[in-house]
Amino acid sequence: MRDFIQALPKIELHLHIEGTLEPGLLFELAQRNNVSIPFKSEAEVRAAYEFNDLQSFLDIYYQGANVLLHEQDFFDLTWAYLLRCRQDNVIHTEIFFDPQTHTERGIAFDTVIAGINRALVQAEAELQITSRLILCFLRHLDEATAFATLELAQPHRDKIVAVGLDSSEKGNPPEKFQRVFARALEAGFLTVAHAGEEGPASYISDSLSLLKVSRIDHGVRCVEDPALVQQLIAERIPLTVCPLSNIKLCVFASMAQHNIVELLRRGLCVTINSDDPAYFGGYMTDNFLAVAAAHAMTPQEIAQFTFNAIDASFTGEHEKQRLRTRVNDALQPPSGK
Ligand code: ADE
Ligand code: ZN
């Protein structure tokens, strides 16, 4: 099963680029940019990665991002993640970035996107990894700041496929950003939102009805509303689930109690993703392995996560067909004769 999972081509749809900042690169950038960090060693950093909820993680995650100052830093961060994708057989990835985490510190929006985009372009040419970029608004900040961020994104419309909503979910409901999302939709962006990670199932329904999202990030608390589950099945609304993240942030007490396989078997379009792999102890292969270790699944069921992710991705139909062919070829290697 390990070999099957390693070899399976994967599609990632829920990945925060700031969440791929490994302790090694954190130290390197802190030195290069002369930024002081409250850790003496990489081991000390890793020891600090013990979280009891989303907020305890976010506090450390935003602190880590302080070492990112220059275009080259954003390139290096993104390139390191893309090399990790190659190792895990991730052939297409849709990446979140949090511009407000950087613009609030005086880093230009254009600096952030230039570094990330340069790495994505290079990865397509050199690693054959395709990608899309999704701008996330920080939901703990106000509507006016989100509107200002959307304006900064307009000249980069060609590089950004969608807008999303992340950060502290509880107490920051979807309706807070209804007008910003309406403007983003008018401007031609698709929309997604984190919902039902820590927040209630009603945040999932409201993201669908008020923010018109094409998919839900996390969404595991949908099971608290049976009518919502029926809607997700009937309308085939994708959930980008992040198993190791959910364990690290105590959304589920253990992987055995995680509901992702139950959701898959009930016919939901669920996918496996890594969220913030540098903080949660694993990239895509690790997430697949962790789910498979706790839940017996057939190879077909495991591959279904990838087929669901292709259906849910923001690439064009032609590109989706190319991705499906790659997965099918990997599942049925041509006989040697
Ligand atoms: N930002 C980065 N990771 C996040 C998550 N899992 N939930 C909300 N905001 C995030
Ligand atoms: Zn996330």
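Just follow the structure's listing: the first ligand is 1, and inside any ligand the first atom is 1. Because the structure is a prediction, the values reported are computed rather than measured. In this chain, residues are counted from 1 in sequence order.
Heavy atoms of F57 found under 4.0 angstrom from ligand 1 belong exclusively to the side chain. Within the 4.0 Å heavy-atom criterion, neither part of E169 lies near ligand 1. Only the side chain of L54 comes within 4.0 Å of ligand 1, counting heavy atoms alone; its backbone N, CA, C and O stay farther away. Proximity of E18 to ligand 1, defined as any heavy-atom pair under 4.0 Å, is not found for any part of the residue.
Among the atoms of E197, some N or O lies under 3.5 angstrom from an N or O of ligand 1.
Counting atoms of ligand 1 from 1 in the listed order, those under 4.0 Å from a heavy atom of H218 are 6 (N). Those atoms of ligand 1 that come under 4.0 Å of a heavy atom in H194, given as number and element, are 5 (C), 7 (N), 8 (C).
Classification of the Y62-H140 ring pair by plane angle, with boundaries at 30° and 60°, yields tilted. The aromatic rings of H194 and F96 sit tilted relative to each other, their planes meeting at an angle between 30° and 60°.
In this structure, F57 has its ring center no closer than 6.0 Å to that of Y49. Between H258 and H295, a ring centre-to-centre spacing not shorter than 6.0 Å is recorded. Separation of the H102 and F74 ring centroids falls under the 6.0 Å cut-off. Ring centroid separation for the pair H156 and F109 comes in under the 6.0 Å cut-off.
Looking at H194, its N, O or S atom nearest to the Zn ion (ligand 2) turns out to be NE2. The N, O or S atom of H14 lying closest to the Zn ion (ligand 2) is NE2.
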Given the rule in the side-chain contact (heavy atoms from CB on, under 4.5 Å) test, do L58 and S168 qualify, once you have shown the distances and angles that lead to the verdict? CA-CA 8 Å; L58 290 171; S168 322; 3.7 Å; yes
F288 and I302: side-chain contact (heavy atoms from CB on, under 4.5 Å), yes or no, with the steps? CA-CA 8 Å; F288 272 81; I302 295 171; 3.8 Å; yes
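At least one heavy atom of L58 sits less than 4.0 Å from an atom of ligand 1. Heavy atoms of G19 come nearer than 4.0 angstrom to ligand 1 in no pair at all. Under the 4.0 angstrom criterion for non-hydrogen atoms, Y61 is in contact with ligand 1.
Protein heavy atom closest to atom 1 (N) of ligand 1, with residue, atom name and distance, is H16 CE1, 3.6 Å. Protein heavy atom closest to atom 3 (N) of ligand 1, with residue, atom name and distance, is D276 OD2, 2.6 Å.
The distance from the Zn ion (ligand 2) to the nearest N/O/S atom of C242 is not under 2.8 Å. Coordination check, D275 versus the Zn ion (ligand 2): passed, since an N/O/S atom of the residue sits under 2.8 Å.
Nearest to atom 10 (C) of ligand 1 by heavy atom, out of S167, G164, C136, S245, is S167. One option in L165, T101, D275 has a heavy atom closer to atom 6 (N) of ligand 1 than any other, and that option is D275.
Under a cutoff of 6.0 Å and an axis angle of 45°, R32 and F27 do not form a cation-pi pair.
Within the 4.5 Å cutoff, no side-chain heavy atoms of P99 are placed close to those of V112.
For R118 and Q72, the side-chain atoms include at least one donor-acceptor pair closer than 3.5 Å.
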